[in-house]
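Data block below; observations after.
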Amino acid sequence: MPEVLDAAAKAKLREAVREALREGLDARKAGIMSAFSAYHRNLNGCMTALEAKLENTDARLSGRVAIVERRLQELEKRFLLNPPAA
């Protein structure tokens with residue numbers, strides 16, 4: 001025959017179960033937060049590296065455009081000083 005619990009024992013058991021569930025959920029929540037924190041740090045590192053790479057590419061591209069502009073000015077100056085024979 002199953003044992004019957006009185007109201008005080010049921011309340012105590014119910015509270016123990018709630019506390020165990022609360023602790024388990026808190027532990028899982030902490031684990032999830034920790035995993036997302038690591039993911040966020042990794043993503044920030046990747047974004048920083050990508051930004052640095054893009055800035056470097058912009059600087060190189062600007063330098064190349066400046067070289068092309070300078071060469072074009074030199075060509076224009078040559079043609080203005082010594083126009084080709086018609």
| query | Quick check: does any side chain N or O of S34 sit under 3.5 Å from a backbone N or O of A30, one acting as donor and the other as acceptor? | reply | no
| Between S37 and M33, is there a donor-acceptor pair closer than 3.5 Å when you use the side chain of the first and the backbone of the second? | no
| Single hit among V65, L72, I67 for side chain to side chain contact (heavy atoms under 4.5 Å, CB included) with E69 | V65
| field | Nearest-0.5 Å distance that lies between atom CG in L54 and atom CG in L61 | value | 11.5 Å
| Can E19 and R22 be counted as an ion pair, charged N to O under 4.0 angstrom? | yes
| task | Could you give me the CA-CA distance, side-chain angles and deciding distance for Q73 and K77, then say whether side chain to side chain contact (heavy atoms under 4.5 Å, CB included) is met? | result | CA-CA 6 Å; Q73 286 175 345; K77 191 187 321 180; over 6 Å; no
| Would you say R64 has more than 12 foreign heavy atoms packed within less than 6.0 Å of its CZ? | no
| task | Can you measure from CG (L13) to CZ (R18) and round to the nearest 0.5 angstrom? | result | 11.0 Å
| request: Enter the distance from E55:CD to L50:CG here, rounded to the nearest 0.5 Å. | output: 10.0 Å
| field | Verdict with reasoning, R78 to N82, per side chain to side chain contact (heavy atoms under 4.5 Å, CB included) | value | CA-CA 6 Å; R78 272 192 221 163; N82 298 320; 5.9 Å; no
